[in-house]
Amino acid sequence: MGELGKDIKKLGFGLMRLPQKAGAIDLEQTKEMVDMFLEAGFTYFDTAWAYEGSEDAIRQALVERYPRERFQLATKNAAWIQCKTKEDAYAQFDTSLRQTGAGYFDFYLLHNLGEERTRYFDDFDMWNWVQEKKKKGLIKHVGFSFHSTPEELDAILTAHPEMEFVQLQINYADWDNPAIQSRRCYEVARKHGKPVVIMEPVKGGMLATPPESVINVLKEAEPDSSPASWAIRFAANLDGVITVLSGMSNIEQMKDNLSYMKSFAGLTQKQKETMDMARRELGKIPLIPCTTCNYCAKVCPNNIGISGSFTAMNCYTLYGDMAAAKQQESFLVGGHGFKPANECIKCGKCEEACPQHIKIRERLSEISETMLERV
């Protein structure tokens with residue numbers, strides 16, 4: 001990785017899920033967590049313009065309480081949110097500077113590239129704009145976060161070799177998941193020589209409470225280790241990783257993460273074998289075998305969000321978390337302009353196009369009954 005990230009420990013404090021009190025960020029608990037994190041020798045904090053209240057909170061909990069050289073601060077620009085002009089997008093940077101009070105950003109990311117979102121950064125010429133900010137000393141390192149296919153990641157990195165790092169969703173559940181393709185995205189980043197910041201190592205908290213069969217494997221190997229610790233260590237063990245972001249929401253989570261990451265030196269061979277067993281247990285759970293090729297979407301006359309519905313249903317099958325599954329369905333279906341499963345007209349064109357031979361109409365009916373009609 002060269003100089004980039006050489007002095008940064010492998011645990012980063014993700015600031016998207018800060019502790020709450022009476023419907024607002026609990027600033028006092030956040031301060032205590034910041035103190036614990038720095039005292040343990042960790043220095044990387046990750047916020048974003050789009051994380052409501054987060055930049056203000058970290059100004060008060062961190063920036064105003066510690067010398068600037070004690071920490072690295074990352075934030076992000078989401079040009080695809082409510083931006084009609086390039087000036088709207090550029091203004092996010094000024095807002096972030098003001099809200100954090102940081103003076104400059106150690107890591108600045110173009111946020112959540114992929115699919116239709118990428119064109120905003122192209123149309124607003126943000127690739128050149130962000131380099132100008134770097135020349136002025138307002139940014140030290142420039143990169144982007146990404147949620148899409150390895151093919152699209154390869155195209156972006158080929159077009160923009162000046163990007164210094166990539167932030168990717170990587171965890172052991174998504175490593176070989178055909179819908180997320182964590183492994184392949186990671187391999188693309190490394191092919192281009194880009195170091196990686198890892199997000200969602202615990203999959204939004206779901207790998208803190210994985211299926212019972214997985215918990216049994218992990219507990220048999222290390223009875224006193226939390227399931228979350230396995231997920232974070234799996235990610236931190238990968239080569240070329242700057243840091244692994246954990247969106248800690250309370251002091252207990254902070255203590256747990258610090259307990260095993262403070263002296264983390266990589267996974268042993270036995271621990272790697274345990275992770276392989278855990279992935280195999282996940283693989284035994286019957287899921288809809290959708291690879292998100294979206295051939296079905298190309299022929300659907302009613303614009304149903306088929307693959308997004310399947311991804312959400314698989315999430316519920318694996319983790320039993322209806323709220324998380326509905327959130328995925330909302331983003332992947334409605335958020336991408338598709339109609340929900342219960343509006344399927346049962347024409348069958350999708351099944352003719354599906355290379356996995358999925359009984360799509362039956363599956364969409366199950367999703368309608370399980371997810372969409374449940375309060």
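Bear in mind that the values here come from a model prediction, so they are computed numbers and not experimental data. In what follows, residues are counted from 1 in the order of the sequence shown.
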> Would you call Glu28 and Lys31 a salt bridge, using N to O less than 4.0 angstrom?
yes
> Is the backbone N or O of Ala231 less than 3.5 Å from a side-chain atom of Asn171, with the two atoms forming a donor-acceptor pair by type?
no
> Give me the atom names and distance for the closest heavy-atom approach of Leu27 to Ala57.
CD1-O, 3.7 Å
> Only one of Gln167, His111, Lys76, Gln169 forms a side-chain hydrogen bond (donor to acceptor under 3.5 Å, both in side chains) with Ser145, so which one is it?
His111
> So, Glu115 side chain and Ser148 main chain: donor-acceptor pair closer than 3.5 Å or not?
no
> Is the backbone of Phe331 close enough, under 3.5 Å, to the side chain of His336 for a donor and an acceptor to pair up by distance?
yes
> Should Arg68 and Asp106 count as an ion pair when the cut-off is N to O under 4.0 Å?
yes
> Please give me the minimum heavy-atom distance between Gly114 and Phe146, naming the atom from each residue.
CA-CE1, 4.2 Å
> Please name the pair of heavy atoms, one in Cys83 and one in Ala78, separated by the smallest distance, quoted to 0.1 Å.
SG-O, 4.3 Å
> On the 0 to 90° scale, with breaks at 30° and 60°, tag the Phe45-Phe71 ring pair as parallel, tilted or perpendicular.
perpendicular
> Assess the side chains of Tyr186 and Asp239: does a donor N or O sit below 3.5 Å from an acceptor N or O?
no
> For Trp175 together with Phe234, are the ring centres under 6.0 Å from each other?
yes
> Under the 3.5 angstrom rule, does the side chain of Asn177 hit a backbone N or O of Ser182 as a donor-acceptor pair?
no
> Would you call Glu64 and Arg59 a salt bridge, taking side-chain N to carboxylate O under 4.0 Å as the test?
yes
> Determine the minimum heavy-atom distance between Cys350 and Cys296, stating which atoms define it.
CB-CB, 3.8 Å
> Check this for me, if you would: do Glu273 and Lys270 make a salt bridge, where the nitrogen-to-carboxylate-oxygen distance has to be below 4.0 angstrom?
no
> Would you confirm whether Asn302, through its side chain, and Glu343, through its main-chain N or O, come within 3.5 Å as a donor-acceptor pair?
yes
> Between Tyr319 and Pro210, what is the shortest heavy-atom contact and its length?
CD2-CA, 4.4 Å
> Tell me whether the centres of the aromatic rings in Phe93 and Tyr108 are closer together than 6.0 Å.
yes
> Which atoms form the tightest heavy-atom contact between Ile25 and Ser54, and what is the distance?
CD1-N, 3.9 Å
> Can you classify the ring geometry of Phe107 versus His141 as parallel (below 30°), tilted (30 to 60°) or perpendicular (above 60°)?
tilted
